[in-house]
Amino acid sequence: MKPTRILLVGGGHAHIEVIRQYRRRFGDQGIEVVLVSPEPGAAYSGMLPGVVAGQYQVDQFLINLPALCADSGVRWHQGRFVALTEDRRSAVLEDGSILEFDYAAFDIGSMPRSRELLSAQSAGSTGVLLPAKPVTPLLAAWERFLAGLAPGQNRTVTVVGGGVAGFELALAMHHRIRGYQPGPDWQWHLVSRSEVLAEHNPLIRRAGRRALAQAGFQTHIGVALTGVESIGQQGQQLQLTDGSRLRSDFTLLCTPAAPVQDLRGSLLPLTDEGFIPVTESLQVVGHERLFAVGDIARFPTPIAKAGVYAVRQGPVLAANLSNIIAGRTLQAFVPQGRFLKLITLGERKAMASRGWFYARGDWVWRWKHQIDSGFMEKYQR
Ligand SMILES: Cc1cc2nc3c(=O)[nH]c(=O)nc-3n(C[C@H](O)[C@H](O)[C@H](O)COP(=O)(O)OP(=O)(O)OC[C@H]3O[C@@H](n4cnc5c(N)ncnc54)[C@H](O)[C@@H]3O)c2cc1C
């Protein structure tokens with residue numbers, strides 16, 4: 001008899017937990033699990049600022065998906081999902097191959113909202129305008145930028161987006177550049193539609209502003225990036241909503257999360273913003289054999305696009321895949337209202353934020369390092 005097949009699309013934070021639990025939940029029941037993802041390395045973005053700052057090596061924050069699958073008894077298939085077939089029982093990949101399934105789950109993530117800006121850039125620009133995700137092209141461009149620097153040179157680096165990702169990456173880049181003997185006129189800019197770290201308490205926001213000012217950042221608050229123009233060998237000119245223009249050699253986009261790819265035409269139901277709507281049991285609305293988790297899913301009560309939710313959905317998804325196959329009642333995912341955020345400050349210091357709680361110091365960085373390393377140890381093979 002053909003085994004029941006679960007197809008996991010995307011090596012995101014929730015799916016790696018389903019893979020880890022495979023033997024315990026499905027291994028002896030004739031259930032086959034297949035993971036399809038475009039790259040063998042799955043990035044743990046909590047450690048990305050540390051990689052950019054030079055505190056971690058790339059392999060310390062990449063989960064080796066083929067190794068994790070091999071160790072767990074899951075089949076690994078490198079490829080990129082494009083669409084479902086008409087009967088919604090097979091997935092079509094970018095290379096044209098087709099993978100059949102009985103149940104499927106989508107955990108394909110998000111990327112900073114940037115599609116229009118990136119297409120403007122491809123019209124002949126020579127500078128670098130990069131979304132913070134996916135991480136492989138970002139890290140390659142960052143290393144190229146660093147390799148092209150000579151001591152005493154002046155450059156302009158701009159970060160667009162003042163949320164945690166933009167804030168952390170801005171200070172991480174600043175920290176790394178200090179080792180390259182930047183020239184006296186090196187410029188740092190941070191452009192943000194809302195106040196920096198706007199979703200945090202006033203103590204965190206004030207400490208954040210101070211950290212950026214000490215690093216020499218000029219902040220442009222209440223404005224957004226509307227366009228980008230190449231200026232020959234001189235990098236790019238960024239056009240801002242307040243009418244000003246900013247010359248920039250390296251521009252990082254940390255704008256709010258958008259779907260990682262345009263899923264229109266995939267036969268998955270989508271919200272107006274292009275995310276996959278799910279029920280409390282993480283099933284795709286209207287399709288009980290399909291599940292979606294992490295950033296790509298739109299939960300009934302809106303939740304932040306944060307890795308912490310994807311991680312917590314992992315065990316619920318694993319349980320519900322097992323429950324639906326066994327005909328048991330499905331569990332509801334109950335999102336936690338508040339969670340602790342540990343925000344790095346470039347050097348080995350960090351801030352802790354939860355509600356009105358504020359703490360700062362090198363011990364917070366060590367605490368974060370311990371949590372991050374513990375997470376990686378669970379999945380590194
Ligand atoms: C700099 C930075 C720092 C952050 N720090 C934190 C933090 O400290 N805490 C926190 O909670 N959140 C943080 N976030 C947010 C966090 O990164 C995301 O919320 C989290 O990664 C979402 O996880 P996910 O499982 O949805 O997807 P991801 O972890 O992004 O995984 C998606 C996977 O799907 C694969 N994939 C993509 N397209 C396809 C396709 N078509 N077919 C098959 N596979 C596909 C990808 O290759 C990837 O393996 C940070 C984000 C950034 C940018």
Side-chain angles (χ1 to χ4, degrees), residues 7-19 34-53 61-65 68 76-84 91-95 99 104-112 114 130-139 142 159 161 163-173 252-257 259-263 266 268 275-276 292-299 303-314 317 336 339-344 350-353 368 371-372 375 379:
L7 180 66
L8 301 177
V9 180
H13 291 40
H15 278 176
I16 54 175
E17 181 57 22
V18 177
I19 295 167
V34 179
L35 171 70
V36 59
S37 207
E39 289 184 44
Y44 175 49
S45 49
M47 287 170 84
L48 176 61
V51 177
V52 168
F61 99 123
L62 285 182
I63 294 157
N64 183 333
L65 294 174
L68 178 65
W76 157 250
H77 187 112
Q78 188 160 356
R80 187 182 297 276
F81 167 83
V82 175
L84 293 170
V92 182
L93 308 187
E94 196 173 40
D95 64 4
L99 295 177
F106 295 83
D107 184 12
I108 58 176
S110 66
M111 66 180 285
S114 54
L130 282 157
K133 282 170 91 178
V135 299
T136 309
L138 162 68
L139 291 176
W142 176 234
V159 175
V164 173
F167 175 82
E168 288 194 307
L169 287 172
L171 291 178
M173 289 194 291
L252 187 62
L253 296 176
C254 298
T255 42
V260 68
Q261 73 189 59
D262 185 352
L263 290 170
S266 69
L268 282 160
F275 295 105
I276 307 171
V293 281
D295 283 6
I296 195 64
R298 204 286 187 180
F299 199 68
I303 50 177
K305 302 290 182 202
V308 66
Y309 287 118
V311 168
R312 288 183 185 167
Q313 286 171 346
L317 175 65
Q336 195 184 346
F339 58 91
L340 176 75
K341 294 190 191 99
L342 301 176
I343 306 167
T344 53
M351 301 191 285
S353 166
K368 177 168 167 47
I371 294 173
D372 290 344
F375 179 86
Y379 302 104

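Quick note: residue numbers are just sequence positions, from 1. Counting starts at 1 for both ligands and their atoms, in listed order. Everything numeric in this text was worked out from a predicted model, so none of it was measured.
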What protein heavy atom lies closest to [atom]? Include the residue and the distance to one decimal.
| atom | result |
| --- | --- |
| atom 31 (O) of ligand 1 | Gly12 CA, 3.2 Å |
| atom 42 (N) of ligand 1 | Phe81 N, 2.9 Å |
| atom 10 (C) of ligand 1 | Gly307 N, 3.3 Å |
| atom 50 (C) of ligand 1 | Ser45 OG, 3.6 Å |
| atom 35 (C) of ligand 1 | Ser37 OG, 3.5 Å |
| atom 45 (C) of ligand 1 | Pro38 CD, 3.3 Å |
| atom 23 (O) of ligand 1 | His13 ND1, 3.6 Å |
| atom 21 (O) of ligand 1 | Lys133 NZ, 3.2 Å |

Heavy-atom distance to atom 52 (C) of ligand 1: which of Ala42, Ala165, Gly314 wins?
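Considering heavy atoms of Ala42, Ala165, Gly314, the nearest to atom 52 (C) of ligand 1 sits in Ala165.
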
Nearest heavy atom to atom 8 (O) of ligand 1: which of Pro259, Gly161, Gly46 does it belong to?
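Of the listed residues, Gly46 has the closest heavy atom.
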
Non-neighbouring partners of Phe61 that pass ring-ring contact (aromatic ring centres under 6.0 Å, His included), sequence neighbours left out:
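Phe61: no ring-ring contact (aromatic ring centres under 6.0 Å, His included) contacts found.
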
Who are the side chain to side chain donor-acceptor pair (under 3.5 Å) partners of Ser37, not counting sequence neighbours?
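Checked Ser37 against side chain to side chain donor-acceptor pair (under 3.5 Å); zero matches.
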
Where on Lys305 is there a heavy atom closer than 4.0 Å to ligand 1, on the side chain, on the backbone, on both, or on neither?
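For Lys305, the contact with ligand 1 is made by the backbone alone.
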
Report the part of Leu169 (side chain from C-beta onward, or backbone N, CA, C, O) that has a heavy atom under 4.0 Å from ligand 1; answer both or neither where that applies.
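Only the side chain of Leu169 comes within reach of ligand 1.
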
Check whether any protein heavy atom sits under 4.0 Å from atom 14 (N) of ligand 1.
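Within 4.0 Å: yes, protein heavy atom nearby.
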
Atom of Ile16, atom of Gly11 and distance for their closest heavy-atom approach:
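That would be CG2-O, 4.1 Å.
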
Drop me the distance from Leu169's CG to Leu253's CG, to the nearest 0.5 angstrom.
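Between atom CG of Leu169 and atom CG of Leu253 there are 11.5 Å.
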
When rounded to the nearest 0.5 angstrom, what is the spacing between CD1 in Ile276 and OG in Ser266?
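Ile276 atom CD1 to Ser266 atom OG measures 7.0 Å (nearest 0.5 Å).
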
Would Asp107 count as being in polar contact with ligand 1, using the rule that some N or O on each side must be under 3.5 angstrom apart?
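Yes.
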
Ring-face cation contact, Phe339 with Lys341, 6.0 Å cut, 45° max:
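Yes.
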
